[in-house]
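Right, one structure below, let's go through it.
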Amino acid sequence: MTGFGATILDAEGLRLTQNEKALFRDADPFGFILFARNISSADQVRALCGELRDSVGRDCLITIDQEGGRVQRLRPPLGRDWLPPMEHAVQAGDGAERAMYLRYRLIAHELHALGIDSNCAPIADIASADTHPFLRNRCYGEALPDVTALARAVSEAHLDGGVVPVLKHIPGHGRAVADSHLDLPHVAASAADLEATDFAAFRALNDLPMAMTAHIVFDALDPRPATLSPPVMERIRKDIGFDGLIMTDDISMKALQGAPADIAGQSRAAGCDIVLLCNADLAVRTQVAEAAGTLDEVGQNRALRAIAARKTPAALDIEAAEAELAALMGGKVYV
């Protein structure tokens with residue numbers, strides 16, 4: 001049996017072009033990701049999701065970045081306008097775990113209603129005063145126990161809502177003082193310090209179905225970025241114990257240098273299951289799909305387990321959830 005194409009790809013606009021349909025049919029990507037440019041109305045998003053699934057002939061996962069705060073592709077009226085995650089957690093205080101669960105249970109409900117059944121959350125990166133602003137207020141806290149508890153609550157909220165969570169950014173992005181969209185961050189912490197903090201957060205969540213890599217160099221481990229590093233990927237699998245489906249962060253980010261097809265091949269050789277490519281033209285998407293190839297038996301089994309984590313949503317009383325969340329947040333829930 002041939003595995004799925006080892007990619008997650010995107011679309012240029014609100015509907016697929018004929019060339020995109022042909023590419024997706026041939027490349028058979030594991031799944032797709034949506035951006036703001038792909039979103040206009042509820043009916044349009046549902047139609048696009050239908051076209052994406054029709055193009056590969058199966059009920060594939062369609063993911064999105066809907067953290068809330070700065071990083072959310074759905075905006076009113078399709079999605080609530082949320083506070084940044086860290087601000088949300090701080091405001092909820094002792095009720096943060098439940099408040100984060102309710103926040104992401106409502107987000108999962110919004111996504112599922114549109115045909116989107118995966119979300120690139122939770123974030124298990126541990127923030128510090130030095131964490132780059134592009135990431136800091138997207139994190140859930142500065143202490144390992146808080147981060148793992150809140151990330152677990154966020155994960156359960158997604159799963160209860162029929163949405164597959166993608167844990168990020170494995171094995172930890174919180175120490176980065178550069179924005180990996182623009183530069184390649186280097187982390188100088190010792191392997192022992194990383195194991196005790198950053199990596200420990202992901203070890204506590206190693207049963208989740210999917211994770212996304214960090215485009216970061218850990219100087220103590222390898223001169224290559226984690227996404228392209230066999231030693232770091234082996235540590236994720238063996239020491240952190242994550243055996244779910246691992247996708248790269250977007251390989252078009254400036255942290256990674258070189259031709260996208262070459263980066264795709266390097267990430268697969270390092271041990272990533274799935275290559276995420278965003279915001280590329282048709283020719284580059286075609287090249288990356290070819291370079292990424294198809295999932296082997298182990299990767300295919302991980303992919304099938306990730307899909308199987310997509311459950312029928314549990315019943316949700318929207319008004320009751322919003323009222324409980326408002327009480328936990330002291331009335332200020334949305335921007």
Using a strict 4.0 Å threshold on nitrogen-to-oxygen distance, state whether D207 and R152 make a salt bridge. yes
Basic-acidic side-chain contact under 4.0 Å: D65, R138: no
Whether the H132 and D179 side chains hold a donor-acceptor pair (N or O, under 3.5 Å, no angle test) is what I'd like checked. no
Got a sec, which residues hit side-chain hydrogen bond (donor to acceptor under 3.5 Å, both in side chains) with E110, two or more places apart in sequence or on another chain? R80
Atom pair CG (L102) and CD (E97), whose distance is rounded to the nearest 0.5 Å: 11.5 Å
Side chain proximity check, M253 to C278, heavy atoms < 4.5 angstrom: no
Does the side chain of S252 pick up a donor-acceptor pair with the side chain of D250 at under 3.5 Å? yes
We want to know whether N279 and R37 form a side-chain donor-acceptor pair, criterion being a heavy-atom distance below 3.5 angstrom. yes
Is a side-chain N or O of N119 found less than 3.5 angstrom from the main chain of A121, in a donor-acceptor match? no
Residue from D183, D249, T227 passing side-chain hydrogen bond (donor to acceptor under 3.5 Å, both in side chains) with H215: T227
Tell me whether D281 at atom CG has more than 12 heavy atoms from other residues, nucleotides or ligands lying less than 6.0 Å away. yes
Quick check for you: to the nearest 0.5 Å, what is the distance between R46 atom CZ and I116 atom CD1? 10.0 Å
Which ILVMFWY residues can you reach from V217 by hopping between side chains whose heavy atoms are under 4.5 Å apart? L184
Could you tell me whether the side chain of M100 reaches within less than 4.5 Å of the side chain of E156, counting heavy atoms only? no
With a 3.5 Å distance limit and no angle check, can you tell me whether Q300 reaches the backbone of F4 through a side-chain donor-acceptor pair? yes
Are H88 and Y104, when compared by the centres of their aromatic rings, separated by less than 6.0 Å? no
Basic-acidic side-chain contact under 4.0 Å: D117, R53: yes
Would you confirm whether N38, through its side chain, and F35, through its main-chain N or O, come within 3.5 Å as a donor-acceptor pair? yes
Nearest 0.5 Å please: distance from the CG atom of D28 over to the CG atom of L23. 11.0 Å
Modelled atom types, side-chain donor and acceptor of E324 and Y101, under 3.5 Å: no
So, E20 and R15, do they make that salt bridge, N to O below 4.0 Å? no
Nearest-0.5 Å distance that lies between atom CG in L228 and atom CG in D222: 9.5 Å
Under 3.5 Å, is there a donor-acceptor pair between the side chain of D10 and the main chain of I33? no
Cluster overlap F24 with L282, hydrophobic side-chain contacts below 4.5 Å: yes
Are the side chains of S229 and L221 in touch, meaning some heavy atoms are under 4.5 Å apart? no
In plain terms, say whether D198 and R235 are close enough for a salt bridge, that is, a side-chain N and a carboxylate O under 4.0 Å apart. no
Do other residues, nucleotides or ligands put more than 12 heavy atoms under 6.0 Å from the NE2 atom of H109? no
